[in-house]
Engineer: 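Let me begin by handing over the structure; questions about it come next.
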Amino acid sequence: MLHNPPTEAKGFTRWWWYGAAVTKEEVRRELTFMQEAGLGGVEIQITYPLQEDSEAQGIKNRAYYSPEFMDILDYTLTTAEQLGLFVDITLCSGWPFGGPFVPFDMAPEILIPYQIDLIGPSEFAQDFTTILPGEPIKAVMGKFENGALLPDTLRDITEHLGTTWLHGWQWGHCMNKVMIPEGHWKIYVFITNMYKQQVGIPAPGMEGYAIDHCRKDVSDFYFAQLGEPLLERLGHGRIRAFFCDSIELGGNNWTSILPAEFAARRGYELTPFMPALWGNIGEITADIRYDYYKTFSELTIDNFFRNFTDWSHARGVKTRIQAHGTWGDILQAYAAADYPEGETFGANDKYEVNTVHRRLASSAGHVYGRSVITNETFTWLRSPRFMETLEMMKAAVDAVFLDGINQIVNHGYSYSPESAGKPGWAFYASSFISHNNTWWEYYPILSSYIHTVSAFLQAGESYAEVGIYLPQADIWSAMPLAELHMAMKLEEHIGKPLVNAVQKSGYYFDFLNDEAVTQLSRATASGLELGASRYKVMILPYVTRLPLDTADKLLEYVSAGGTLIAVDERPRSAPGYKDREANNRRLGEVLDDLFDREDGVWKTVGNGKTIVIEHEDQLVARLNEAEAPDVEIESIGEASGLNQAAQSIGYVHRVQKDGHVYFLANVSEEERQARIRFKFGGRSATVLDPMTRNTLRRIQLSQESGTASLELAFEPFQSLLVVFDEASAEAEANGVQDNGELPQARQVASSLDISDRWTLRISEAGFEQALDRLQTWEQFAEVQYYCGSALYEKKVTIPVLLPGQRVWLQLEDVREVAEVFVNGRSAGVLWKAPRRLDVTDRLAEGENELSIKVTNVWINHMLDPALQEPKPSSPLSENWPYFTEKIKQIRDRRLYAHKERQQVQAPLPSGLSGQATLEIVSPE
């Protein structure tokens, strides 16, 4: 696998088609670039146009699903197949799902509560015309005392809602006369907003309403309108997967079928209790809210997420789904897909758990048996754009891998006609990963690395010994009528410090929902078994509401031998209104069986134990008491107590047929030396470098225990694969055998400072400059905004080398990629720290020509005052079915470099600076 990873494990890319203004020639050219760079496929996203039609420039925007559109898509599928690339398609233009054919009554609904205070005895009637911006659908009244509505007084008065008429036309809405008894009363009128969400940034002609994600009739209608014609025109079996982007349904909190479905699923009528969705109706408020959101969740899981995959499978297509943004059971939503997909945006090139967009997606994959978990990667890796480097991207990829993801989707690649020049068209929220980037020729290095690591992480099964229970019942019970983003609320409730403390203490974990605990897993003496994982410890993070069936399963789990740790307090109540008193009594009995009344004291329950800790600061210590870490990382050579290695080196554990595989990554610009103790070892360990695909060490291990302890050195941003198996290292002919300890540091015999007397050449700009010392080129007025590659050249004299000596080139500051040529031959590429390269095999004794090709990033070009941004000459285009102002607005917001110029005030360093040395290293 190291040298021949399967093709399916390659990374792929989102590919934006702006207004579908693509040509067959350019499609083939760009697909070829991608294939040569090591990508495995594309996801086509057709979005807003960037330019009006221009015959001179070869720009022709195509109407969505027109014959010309289908023709170019058919050609793309054929070309991709010829190149060995797969194609995924977003089943929408923009996001969320929707389009011009979606009628108003199938769009997402927003329920808005209005309250009216009244003093009785009295009568109340009201014409709501022009007062309420929508259609009143429900009305409830109740008596108000001491800051709460009295639940026993609530009654449905929807029958009093009526219609107002103007000259025989329906004009508005009203409430007909209602008798108000004595005292302070409130009337709640619930309206569905007249303004509904539109699809974001669509292609021309695809503007329209988003769909209601809770109704199967709506989903079926949408798939029939958009999916069926696509497959009929293009043929079955040619599209790998349909993609659903993140669920960004602003304000959506209602669906017309909810009242009937609520009654059927929850066993009582919602309407009389609807004021609880916004206000306070006493102690049952949280139970009503829980039932409302649980119903809302079930409707979207069944009628959209699972229906999407069922519909696709019936037509031979798989699905990829980004579920974040939904209000539903987040693991169920992700797991509805063949490929659950996370997302990363912002400066996420650091080691930390990303609950919202990654760990929930990977947990869903692990829990529900999805072998491939993808991730939209590099979105807004840097803001402003055009500043991302391959080094940043490598760190970001490793952070994604450490969260359990095992396939990378670049965000991404912009289709850009040659007439647009360079950098050409670029997406507003993306890292710029295409043939038009300055460093594209070096991207295959990173692409190959992604391929290798993904292959290892897709083999076997994920392994974890800690499960963190998702307090979704707490979220649903606490939330008023709102647009609920479950993933964000879970991270807020659990807290980033807690999950990072668990992870960085050597305990890889999965999030578990109620279904995973109660239906998918099996409680045994070795833990809660789910796939390869054995969840020996379960954590309840700030859980106050626990479903009764989940509590029963946890009691079974602990009795069989598991450990249960409740943070802050033990749960207090069972969620839900029906049978609430009986359920709470039964839950209290289960919790009494589970937990000691005194916090901080271990209680033995059957073969297991439980504890309630007052604060999460105690969590790691209690974890250590319960179970040894899967991987324990300890710094070597650091001051006592710092253990910086554990803060920057993370791990992923996979169980394969022949043994255990660990991926370890140092997501840091600092070198780290660490002693790493693995709970699961073997007779031997092989240390692999996934970047070079080389075997670094072959280690014979003690057979006295199944554990293993290795000393490993990590360069900045370096990652390693450690493979344990039962084969003896002594039986292996290849690889270096050792005892697991770090080899001695290399011995530098002498060092040559070569920082002076260089020539800087930028042939593309007609620039040449003699340098007394290494100097970056933006300091010269002629090329301060130049972006591309430059050559730093000089001659160096190498003395006679002793047998075994090696010569290393060390560069102090490289902005951003340096390819080193010695005597006209490439010696290697320096694109991440440490900027150090063995150049021995390219050197000759005596005088040598040293040339360093340095490539910067595009940001300086975007700052150039001479950069022209064309404006339309007329408000109306003869070649475009829109006013030109629309194109201008899109280009101003999403293409031009206004933000770059606002945020970056001066050109950034480009090229080489600082010290350059040649170190002559003696053999160890």
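In this text the structure is predicted, and so the values were computed from the model without any measurement. Along the sequence shown, residues are numbered consecutively beginning with 1.
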Engineer: Are Leu688 and Thr686 side-chain neighbours, meaning at least one heavy-atom pair lies under 4.5 Å?
Structural biologist: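 Side-chain contact under 4.5 Å: yes.
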Engineer: Have a look at Arg358 and tell me which of Val353, Asn348, Thr377 forms a side-chain contact (heavy atoms from CB on, under 4.5 Å) with it.
Structural biologist: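 Checked Val353, Asn348, Thr377 against Arg358; only one passes side-chain contact (heavy atoms from CB on, under 4.5 Å): Asn348.
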Engineer: I'd like to know if the side chain of Arg534 reaches the main chain of Gly531, judged simply by a donor and an acceptor atom lying under 3.5 Å from each other, with no hydrogens or angles considered.
Structural biologist: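 Yes; judged by distance alone, with no hydrogens or angles, the pair exists.
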Engineer: Could you give the distance from CD1 (Ile468) to CZ (Phe509), rounded to the nearest 0.5 Å?
Structural biologist: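 The CD1 atom of Ile468 sits 4.0 Å away from the CZ atom of Phe509.
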Engineer: Distance only, no hydrogens: is a donor on one side chain within 3.5 Å (strictly under) of an acceptor on the other, for Ser719 and Lys394?
Structural biologist: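 Their side chains do contain a donor-acceptor pair, which is all the 3.5 Å distance test asks for.
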Engineer: Would you say Ser573 and Asn584 are linked by a side-chain donor-acceptor pair, where the criterion is simply a distance under 3.5 Å?
Structural biologist: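 There is no such pair (donor and acceptor under 3.5 Å, judged by atom type) between the side chains of Asn584 and Ser573.
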Engineer: Assess whether atom CD of Glu283 is packed by more than 12 heavy atoms of other residues, nucleotides or ligands within 6.0 Å.
Structural biologist: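 Atom CD in Glu283 is not packed in, count stays at 12 or less.
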Engineer: Testing the 3.5 Å rule here: is there a donor-acceptor pair between the side chains of Thr518 and Asp549?
Structural biologist: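 The criterion, which ignores hydrogens and geometry beyond distance, is not satisfied for Asp549 and Thr518.
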Engineer: If you measure only the distance, is there a donor-acceptor pair under 3.5 Å linking the side chains of Arg698 and Ser684?
Structural biologist: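 Short answer, yes.
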Engineer: Any side-chain heavy atom of His366 within less than 4.5 Å of one from Ile373?
Structural biologist: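 SC-SC contact between His366 and Ile373 confirmed.
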Engineer: Can a donor-acceptor pair be found between the side chains of Tyr507 and Asn624 at a distance below 3.5 Å?
Structural biologist: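 Yes, because at least one side-chain N or O of Tyr507 sits under 3.5 Å from a partner of the opposite role on Asn624.
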Engineer: Donor-acceptor check, side chain of Ser709 to backbone of Arg677, threshold 3.5 angstrom: yes or no?
Structural biologist: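 Not at all, since once roles are kept as given, no pair shorter than 3.5 Å links the two residues.
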Engineer: Side chains of Asp689 and Tyr449: is there a donor and an acceptor less than 3.5 Å apart?
Structural biologist: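 No donor-acceptor contact under 3.5 Å links the two side chains.
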Engineer: Would you say the ring centroid of Phe680 lies under 6.0 angstrom from that of Tyr463?
Structural biologist: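 Ring centroids of Phe680 and Tyr463 are less than 6.0 Å from each other.
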Engineer: Considering residues, nucleotides and ligands other than Tyr651, do more than 12 of their heavy atoms fall under 6.0 Å from its OH?
Structural biologist: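 Correct, the count exceeds 12.
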Engineer: Under 6.0 Å from the CD atom of Glu669, do we count more than 12 heavy atoms belonging to anything else shown?
Structural biologist: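 Not more than 12 within 6.0 Å, no.
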Engineer: Do Leu623 and Val537 come within less than 4.5 Å of each other through their side chains, counting heavy atoms only?
Structural biologist: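 Yes, side chains in contact.
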Engineer: Check whether the side chains of Glu376 and Thr379 place a donor and an acceptor atom closer than 3.5 Å, and report yes or no.
Structural biologist: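 Thr379 and Glu376 do have a side-chain donor-acceptor pair below 3.5 Å.
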Engineer: Indicate whether any N or O donor in one side chain lies under 3.5 Å from an N or O acceptor in the other, for Gln503 and Arg359.
Structural biologist: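 There is such a pair between these side chains.
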Engineer: Using atom types as modelled and distance alone, determine if a side-chain donor or acceptor of Thr326 lies under 3.5 Å from a backbone N or O of Gly328.
Structural biologist: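 Side chain of Thr326 to backbone of Gly328, a donor-acceptor pair under 3.5 Å: yes, one is there.
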Engineer: Using side-chain heavy atoms (C-beta onward) and a distance below 4.5 Å, is Phe595 in contact with Val605?
Structural biologist: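 Sidechains of Val605 and Phe595: no contact.
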Engineer: Do Arg382 side-chain atoms and Glu388 backbone N/O form a donor-acceptor pair below 3.5 Å?
Structural biologist: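 Answer holds: no.
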Engineer: Relative to each other, are the rings of His324 and His357 parallel, tilted or perpendicular (30° and 60° limits)?
Structural biologist: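 Aromatic pair His324/His357 classed perpendicular.
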Engineer: Between Glu483 and Trp327, do the side chains contain a donor N or O and an acceptor N or O under 3.5 Å apart?
Structural biologist: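 Side chains of Trp327 and Glu483: no pair found under 3.5 Å.
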Engineer: Any donor-acceptor pair under 3.5 Å linking the side-chain atoms of Asn354 with those of Asp403?
Structural biologist: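 The answer is no; no qualifying pair exists.
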Engineer: Side-chain donor-acceptor pair under 3.5 Å between Tyr339 and Gln407, yes or no?
Structural biologist: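 Gln407 and Tyr339 do not have a side-chain donor-acceptor pair below 3.5 Å.
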Engineer: Is it true that Ser297 and Asp329 share a donor-acceptor pair across their side chains at a distance under 3.5 Å?
Structural biologist: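 There is no such pair (donor and acceptor under 3.5 Å, judged by atom type) between the side chains of Asp329 and Ser297.
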Engineer: Would you confirm whether Glu343, through its side chain, and Ser246, through its main-chain N or O, come within 3.5 Å as a donor-acceptor pair?
Structural biologist: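 Not at all, since once roles are kept as given, no pair shorter than 3.5 Å links the two residues.
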Engineer: Any chance the side chains of Ser635 and Asn643 put a donor and an acceptor closer than 3.5 Å?
Structural biologist: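 Short answer, yes.
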Engineer: Considering residues, nucleotides and ligands other than Lys496, do more than 12 of their heavy atoms fall under 6.0 Å from its NZ?
Structural biologist: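 No.
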Engineer: Tyr557 side chain to Gly608 main-chain N or O, any donor-acceptor pair under 3.5 Å?
Structural biologist: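 A pair under 3.5 Å: no.
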Engineer: Apply salt bridge (Lys or Arg N to Asp or Glu O under 4.0 Å) to residues Glu711 and Arg675 and explain how you reach the verdict.
Structural biologist: CA-CA 4 Å; Glu711 293 182 1; Arg675 182 175 296 103; 3.2 Å; yes
Engineer: Is the ring centre of Phe724 less than 6.0 Å from the ring centre of His660?
Structural biologist: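 Here the rings of His660 and Phe724 have centres that are no less than 6.0 Å from each other.
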Engineer: Could you check whether any side-chain N or O of Tyr351 sits under 3.5 Å from a backbone N or O of Gln647, counting only pairs where one atom can act as donor and the other as acceptor?
Structural biologist: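 A pair under 3.5 Å: no.
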Engineer: Are any of the side-chain heavy atoms of Leu594 and Val558 separated by less than 4.5 Å?
Structural biologist: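 Leu594 reaches Val558 side chain to side chain.
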Engineer: Output yes when a side-chain donor or acceptor of Asn513 lies under 3.5 Å from a complementary backbone atom of Ala516, and no otherwise.
Structural biologist: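 Flag set: sc Asn513 to bb Ala516 pair under 3.5 Å.
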Engineer: Is the closest side-chain heavy-atom distance between Lys609 and Lys603 below 4.5 Å?
Structural biologist: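 No, too far: nothing below the 4.5 Å cut-off.
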Engineer: Hey, do the aromatic rings of Tyr292 and Tyr290 have their centres closer than 6.0 Å?
Structural biologist: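 No; Tyr290 has its ring centre 6.0 Å or more from that of Tyr292.
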Engineer: Compute the ring centroids of Phe378 and His411, then answer whether they are less than 6.0 Å apart.
Structural biologist: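 For Phe378 and His411, the ring centres are not under 6.0 Å apart.
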Engineer: Taking side-chain hydrogen bond (donor to acceptor under 3.5 Å, both in side chains) as the criterion, tell me which of Lys536, His653, Lys679 meets it with Asp630.
Structural biologist: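 So, applying the side-chain hydrogen bond (donor to acceptor under 3.5 Å, both in side chains) to Asp630 and each of Lys536, His653, Lys679, only His653 qualifies.
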Engineer: Determine yes or no for a side-chain-to-main-chain donor-acceptor pair under 3.5 angstrom, with Tyr293 supplying the side chain and Gln472 the backbone.
Structural biologist: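 The answer is no, because no donor-acceptor pair under 3.5 Å joins these two groups.
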Engineer: So, for Phe401 and Phe663, is the gap between ring centers shorter than 6.0 Å?
Structural biologist: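 Aromatic pair counts; centres sit under 6.0 Å.
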Engineer: If you count every heavy atom of other residues, nucleotides or ligands that lies below 6.0 Å from Glu614 atom CD, does the total exceed 12?
Structural biologist: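 No, the 6.0 Å shell around CD holds no more than 12 heavy atoms from other groups.
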Engineer: Check whether any side-chain N or O of Arg370 sits under 3.5 Å from a backbone N or O of Tyr368 as a donor-acceptor pair, and report yes or no.
Structural biologist: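 Indeed, once roles are kept as given, a pair shorter than 3.5 Å links the two residues.
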